[in-house]
Protein chains: 2
Amino acid sequence: MVEPFNNPAAAESGPTREHLLEAAGEVFGEVGFRAATVRAICQRAGANVAAVNYHFGDKEALYSAVLQQSCRVALAAYPVDAGLPADAPPEARLRAFVRAFLQRIFSDGPAARHGRLMAQEMIEPTAALDHLVREDIRPMAQRLAAIVSALVPPGTDEASLRRCSMSVVSQILFYHHCRPVVSRLFPDLEFHGEKLDQLAEHITRFSLAALRHWPAPAEPPAA
Amino acid sequence: MVEPFNNPAAAESGPTREHLLEAAGEVFGEVGFRAATVRAICQRAGANVAAVNYHFGDKEALYSAVLQQSCRVALAAYPVDAGLPADAPPEARLRAFVRAFLQRIFSDGPAARHGRLMAQEMIEPTAALDHLVREDIRPMAQRLAAIVSALVPPGTDEASLRRCSMSVVSQILFYHHCRPVVSRLFPDLEFHGEKLDQLAEHITRFSLAALRHWPAPAEPPAA
DNA sequence: TGACAATTCAAACGATTGTTTTAAATATAT
DNA sequence: ATATATTTAAAACAATCGTTTGAATTGTCA
């Protein structure tokens, strides 16, 4: 056996594999999948150039492993409900959702990598995205939908509900996805500490104002 | 003279240069700056491999030219105010702004390229972004700020105003920037014709509901 | 037409990419 | 300790990249 990368049991072996995952997370997050070179990753990991192919098969398999691990790390660091009971008022749950999401994206630690990786995945989707949407993003979207559903008038149709959910997340993701433009337009903006909390508060208030005053569903046309 | 690319007067010479701009717009829009190869561009333009360096100097200069031209094309195809008088009611101006922005991004024609190029510029900003922010994005941001300013209560502070503007554009850009995830979550969503108008209407209503009731009373944070 | 500039072309250059090879080093088990 | 399997290491591979070169071609004006 000279290629342990397809051995599921060996997936937790050796420190080199861990170092590669760590280094690859940094490099991929900094320059993206395509611009990242296995040589740069291996150098940062203190490993040989052949280490990636030996431990993971090829560059893309390493990237896939990085993406899934970074998602786990980010969600573990900043849980969706931030320790809030499921029966808390929807306003509080929305506020917690927005805050945790922003922190997950703008944190300094390794949790921030996931945000950068996802942003790059939006430009050049890889096969790893399907797995991620199925396992992590869809459940999160359903959680938000539940919160939004408790805020809009009862009987709001499904399509409006989905669009309202997206109006909420869009405000969160915007500052991250469009950071190059945002920081050029407003160089004084910051995205950590108290400033991040203020941003979360703004998004929450804006969304609450819209959702609370969302027009009641129109009368369905008689069939 | 064997390098006409730095001759401003020669910038409008020959059909090859135009073909290169056209082909480069397509290729850059499809795969991004880094993944695009000058060979692919030249092949699509029916030109020699050396044509890019001859007419533009290097690959990045060609990209810069493409980015600026695509911005002009997109703004010409879908103007910001959509032929609306400046003294129209702010609600109508917001609706026109949102609609034109969405159409600019999701159009099928060459105007759509600009959206894709900008999305990639968010991931890997090039030197061309500074010029673009200065010349096109900032004026557009100020137009939106004027509309928003007419909708929120007078005396709203500058920071809130900026954040509200961003809450509006964020909803527009979201569907474009996160399309890989959105279309995996909701495969039935479409972004053209009537569906696009409905989306514009949603974003307008959501934003109007929020802005008209700004500032919304914040829920006291859960203890 | 003839001279000169502008443009195109095939070919190659130098650098970098992901990956493979082959052998040496290390760990593990008998 | 010996044999076996696992892991590391240096070197090279084949492919592709942006760019350059120098000659051939085309266009232009006297």
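Naming: A, B, ... by sequence-line order, numbering from 1 per chain.
- Close to dT8(C), at under 4.0 Å from its OP1 or OP2, lies a side-chain N or O of T16(B).
- Residue D58(B) places its side chain closer to dT19(D) than to any other of dT8(D), dT19(D), dT20(C).
- In this structure, H55(B) does not reach the dA6(C) phosphate: none of its side-chain N or O atoms is under 4.0 Å from OP1 or OP2.
- Of the listed nucleotides (dT8(C), dT19(D), dT19(C)), dT8(C) has the atom at the smallest distance from the side chain of Y54(B).
- At whole-Å resolution of the value, NE2 in H19(B) and P in dC9(C) are 12 Å apart.
- Protein atom CZ of R39(B) is 16 Å distant from nucleotide atom C1' of dT8(C), rounded to whole Å.
- Distances shorter than 4.0 Å separate some side-chain N or O of N48(B) from OP1 or OP2 on dA10(C).
- At the heavy-atom level, A50(B) lies under 4.0 Å from base atoms of the strands shown.
- Rounded to an integer number of Å, the gap from F56(A) CZ to dT19(C) C1' is 16 Å.
- Counting to the nearest Å, the C1' atom of dT7(D) and the CD atom of E18(A) are 16 Å from each other.
- Between the side chains of T126(A) and E60(A), no donor-acceptor pair is found at a separation under 3.5 Å.
- Looking at the side chain of K59(A), the nearest of the listed nucleotides dT19(D), dC17(D), dG18(C) is dG18(C).
- The CG atom of N53(A) sits 14 Å away from the C1' atom of dT7(D) (whole-angstrom rounding).
- Atom CG of L62(B) is separated from atom C1' of dC17(D) by 16 Å (rounded to the nearest Å).
- Mapping F33(A) and A47(B) onto DNA chain C by nearest heavy atom places A47(B) closer to the 5' end of the strand.
- A donor-acceptor contact under 3.5 angstrom links the side chains of E121(A) and Y63(A), judged on distance only.
- Cation-pi geometry between R162(A) and F186(B) is satisfied (NZ or CZ under 6.0 Å from the ring centre, within 45° of the ring normal).
- Counting any heavy atom pair closer than 4.0 Å across all strands shown, A35(B) reaches no nucleic acid atom.
- The interatomic distance linking L20(B) (CG) with dT8(C) (C1') rounds to 12 Å, in whole Å.
- With N48(A) contributing its side chain and A51(A) its backbone, the two residues share no donor-acceptor pair below 3.5 Å.
- When each of V49(B) and R34(A) is assigned the nucleotide of DNA chain C with its nearest heavy atom, V49(B) is the one assigned upstream, toward the 5' end.
- For S167(B) and Q171(A), the side-chain atoms include at least one donor-acceptor pair closer than 3.5 Å.
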